[in-house]
**Q** 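Before anything else, here's the structure in question.
Side chains included, hydrogens not; waters and symmetry mates left out as well; all remaining heavy atoms used.
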Amino acid sequence: MPAKFELIAPCFFGCDSTAKFELTRIGAENIRVDDGRLSFAGGAEMIAAANLNLRTVERVMLLLARYRAATFDDLFDGVYDIPWEELLPADAAFPVTGSSLNSQLSSVPACQSIIKKAVVKRLMAKHHTSVLPETGAEYKIRFMLRKDQCEIMLDTTGDGLHKRGYRRNAMEAPIRETLAATIADLGRVRRDSLVEDPFCGSGTLLIEAAQKAMNIAPGLKRRFAAERYGFVPAAIWAEQRQKALAEAKLDVGFEAFGYDIDPAAVALANANAKLAGVEKRCHFEVADVADFAAKQEAIVLTNPPYGERMSTIEGAAKLARTLGRQMEAHPCAGVYAITADMDFETHYGKRANKRRKMYNGMIPCQLYMYYSAPKLEHTAKPMPKSGFDGKRTAPNRFNKK
């Protein structure tokens, strides 16, 4: 086994800069950001640390091979060359999943079958057995084919990292935990911050902000696939969990207040905060946005109802207008609103200082950021009338009439 592994952590668009900072904090080496994912290096302890501590990535995978595979023979040979016997015991279960894009090997089921066959042949030969019962721990193999370049990976996470273990249920169209953590970072939530949310739903934005402020590792409430892997000793997991617990700052001045017009949502948010260990810092109450009065020092993080959470576009627009009026009457340190509504600025009544394209699951959104900007900073231009990415065509300065 190598002393250090190459690891890959996919993340949603807009989360990569925060994820890179997180990796730096936990001591990852050779960090690279590329097309919706981060690559980095580290030993077995990094596998545990990354899964326990990263807030903004979706999972952590161990890269086993990268090679060109234009034929099924290429695919088989590359997989067979991997020393699977050093990773998987003879009784391991090893399902294969993956994807193919712009590659000659376009059939995913066929690729799955070839990869599975290659692993079976290698394990039988090296473990000196003719039977692989697959009754032991699960080692999920993932492959990715892009323009005939193949990557073979081993998933170390299991259920996605957005599943923290504190949210048993959620309201319709909930914001993903990894995205909420990114927004808390972009909103510059600190240990002594006051954070508010007038559309709190099941409380995810405020709970993630609280855990960030208190430095509570997001993975402490759950288990990971690699905890069953023999090449990541149990002692390493115990050591990294203890380290994460020791680094938590439970005596900070952070406080959060969330409001929702739905009593069921408020009850769920309070329950989730308790499961997350932040119930003393997060307070949720039933209230209408029309009565929302942000405190002057507050950072407002919010996901205004839109789409599945709102029966009509007109209703969503009305809520955005109400929020805009309330924020105009009660200005605060900053407002960070994420929504799929491309006309949000029009409804809200003010252009954002900045916008950032993000995805909530597979839903394209924009994060609208309002704050007291320095005099030299320009506010964002109006959203285009088509698309969510905010792209604009710059005027050609050399073809002026």
**Q** Of the non-hydrogen atoms in Met358 and Cys15, which two are nearest, and what is the gap between them?
**A** CE-SG, 4.3 Å
**Q** Does Arg25 CZ have over 12 foreign heavy atoms under 6.0 Å away?
**A** no
**Q** Where the side chain of Thr18 meets the backbone of Asp16, is there a donor-acceptor pair that is under 3.5 Å apart?
**A** no
**Q** Between Asp185 and Thr182, do the side chains contain a donor N or O and an acceptor N or O under 3.5 Å apart?
**A** no
**Q** Keeping Thr129 on the side-chain end and Met124 on the backbone end, is there a donor-acceptor pair under 3.5 Å?
**A** no
**Q** Decide side-chain contact (heavy atoms from CB on, under 4.5 Å) for Leu7 and Leu62; before the verdict, give the C-alpha distance in whole Å, the side-chain angles of both, and the deciding distance to 0.1 Å.
**A** CA-CA 5 Å; Leu7 301 164; Leu62 173 59; 4.0 Å; yes
**Q** Donor-acceptor check, side chain of His347 to backbone of Ala316, threshold 3.5 angstrom: yes or no?
**A** no
**Q** Lys243: which residues meet the side chain to side chain contact (heavy atoms under 4.5 Å, CB included) condition with it, sequence neighbours left out?
**A** Gln240, Glu247
**Q** Testing the basics here: between Ile261 and Val286, what is the closest heavy-atom pair and its distance to 0.1 Å?
**A** O-CG1, 3.9 Å
**Q** Can you run down the ring pair (Phe, Tyr, Trp, His ring centres under 6.0 Å) pairs that involve residues 313-346, sequence neighbours left out, and say none if there aren't any?
**A** Phe344-Tyr348, Phe344-Tyr368
**Q** Working to the nearest 0.5 Å, report the span between CZ of Arg223 and OG1 of Thr157.
**A** 14.5 Å
**Q** Work out which heavy atom in Gly160 is nearest to a heavy atom in Arg222; give both atom names and the distance.
**A** O-NH1, 2.8 Å
**Q** Mind checking whether Lys350 and Glu345 have side chains closer than 4.5 Å, heavy atoms only?
**A** no
**Q** Would you say NZ of Lys212 has more than 12 non-hydrogen atoms from neighbouring residues, nucleotides or ligands within 6.0 angstrom?
**A** yes
**Q** Would you say that more than 12 heavy atoms from the other residues, nucleotides or ligands in this model lie under 6.0 Å from the CD of Glu297, or not?
**A** yes
**Q** Atom OG of Ser39 and atom CZ of Arg32: how far apart are they, to the nearest 0.5 Å?
**A** 4.5 Å
**Q** Report the C-alpha separation of Arg164 and Lys221 in whole Å, then their side-chain angles, then the decisive distance to 0.1 Å, and conclude whether the side-chain contact (heavy atoms from CB on, under 4.5 Å) test is met.
**A** CA-CA 6 Å; Arg164 313 292 207 210; Lys221 295 281 186 177; 5.9 Å; no
**Q** Rounded to the nearest 0.5 Å, what's the gap from CD1 on Ile183 to CD1 on Ile299? Could you check?
**A** 13.0 Å
**Q** Can you confirm whether Phe199 sits close enough to Val289 that some side-chain heavy atom of one is under 4.5 Å from a side-chain heavy atom of the other?
**A** yes
**Q** Report yes if some heavy atom in the side chain of Phe5 is under 4.5 Å from a heavy atom in the side chain of Ile47; otherwise report no.
**A** yes
**Q** Could you grab the distance from atom CZ of Phe13 to atom CG of Asp35, nearest 0.5 Å is fine?
**A** 10.0 Å
**Q** Please identify each residue that fulfils side chain to side chain contact (heavy atoms under 4.5 Å, CB included) with Ile82, with sequence neighbours left out.
**A** Leu64, Ala65, Trp84, Ile152
**Q** Has Arg356 got a side-chain atom pairing as donor or acceptor with Gly14's backbone, closer than 3.5 angstrom?
**A** yes
**Q** May I ask you to decide if Ile338's main-chain N or O and Asn303's side chain share a donor-acceptor pair within less than 3.5 Å?
**A** yes
**Q** How would you list all residue pairs meeting salt bridge (charged side-chain N to carboxylate O under 4.0 Å, His left out) that involve residues 117-131, not counting sequence neighbours?
**A** Glu85-Arg122
**Q** Under the salt bridge (Lys or Arg N to Asp or Glu O under 4.0 Å) rule, collect the residues that match up with Glu196, sequence neighbours excluded.
**A** Lys295
**Q** Find out whether Ile31 and Phe21 are in side-chain contact, i.e. whether some heavy atom of one side chain is under 4.5 Å from a heavy atom of the other.
**A** no
**Q** Could you tell me whether the side chain of Ser202 reaches within less than 4.5 Å of the side chain of Arg167, counting heavy atoms only?
**A** yes
**Q** Would you say Glu239 and Glu45 make side-chain contact, with heavy atoms under 4.5 Å?
**A** no
**Q** Between Phe231 and Leu154, is a side-chain contact (heavy atoms from CB on, under 4.5 Å) present by the stated rule, with each step listed?
**A** CA-CA 12 Å; Phe231 61 92; Leu154 189 63; 3.9 Å; yes
**Q** Would you say the side chain of Leu161 lies within less than 4.5 Å of the side chain of Asn51, judging by non-hydrogen atoms?
**A** yes
**Q** Quick check: closest heavy atoms across Leu38 and Ala19, and the distance to 0.1 Å?
**A** CD1-CB, 3.6 Å
**Q** Name all residues meeting the salt bridge (Lys or Arg N to Asp or Glu O under 4.0 Å) criterion together with Lys280; count only those two or more places apart in sequence or in a different chain, and write none if there are none.
**A** none
**Q** Which pairs of donor and acceptor atoms, one on a side chain in residues 134-141, lie under 3.5 Å apart (sequence neighbours left out)?
**A**
from   : atom 1 : to     : atom 2 : distance (Å)
Glu134 : OE1    : Phe94  : N      : 3.1
Glu134 : OE1    : Lys116 : NZ     : 3.1
Glu134 : OE2    : Lys116 : NZ     : 3.1

**Q** Could you grab the distance from atom OH of Tyr370 to atom CZ of Arg351, nearest 0.5 Å is fine?
**A** 10.5 Å
**Q** What distance do Arg37 atom CZ and Cys11 atom SG have between them, rounded to the nearest 0.5 Å?
**A** 11.0 Å
**Q** Which pair of heavy atoms, one from Val60 and one from Thr156, lies closest together, and at what distance?
**A** O-OG1, 2.7 Å
**Q** Taking only residues at least two apart or on different chains, which pairs with a member in residues 269-278 satisfy salt bridge (charged side-chain N to carboxylate O under 4.0 Å, His left out)?
**A** none
**Q** Just grab all the ring pair (Phe, Tyr, Trp, His ring centres under 6.0 Å) pairs involving residues 205-224, residues at least two apart or on different chains.
**A** Phe224-Trp237
**Q** Show me, pair by pair, the donor-acceptor contacts under 3.5 angstrom made by side chains of residues 249-258, not counting sequence neighbours?
**A**
from   : atom 1 : to     : atom 2 : distance (Å)
Glu255 : OE2    : His283 : NE2    : 3.2

**Q** Taking the side chain as everything from C-beta on, heavy atoms only, tell me whether Tyr67 gets closer than 4.5 Å to Cys150.
**A** yes
**Q** Please report the shortest heavy-atom distance between Ala69 and Leu105, naming the atom on each side.
**A** O-CD1, 3.7 Å
**Q** Evaluate the side-chain contact (heavy atoms from CB on, under 4.5 Å) criterion for residues Phe143 and Val108: first the C-alpha distance (whole Å), next the side-chain angles of each, then the deciding distance (0.1 Å), finally the verdict.
**A** CA-CA 10 Å; Phe143 71 90; Val108 170; 3.9 Å; yes
**Q** Kindly say whether Ala41 contributes a backbone atom to a donor-acceptor pair with the side chain of Glu29 at under 3.5 angstrom?
**A** no
**Q** Pairs in or reaching into residues 314-338: which pass salt bridge (charged side-chain N to carboxylate O under 4.0 Å, His left out), with residues at least two apart or in two chains?
**A** none
**Q** Can a side-chain donor-acceptor contact be found between Ser193 and Arg188 if the only test is distance below 3.5 angstrom?
**A** no
**Q** Output every pair passing salt bridge (charged side-chain N to carboxylate O under 4.0 Å, His left out) with a member in residues 47-70, not counting sequence neighbours, ordered by first then second residue.
**A** Glu6-Arg66, Glu58-Arg176, Arg59-Asp155, Arg66-Glu151, Arg68-Asp148
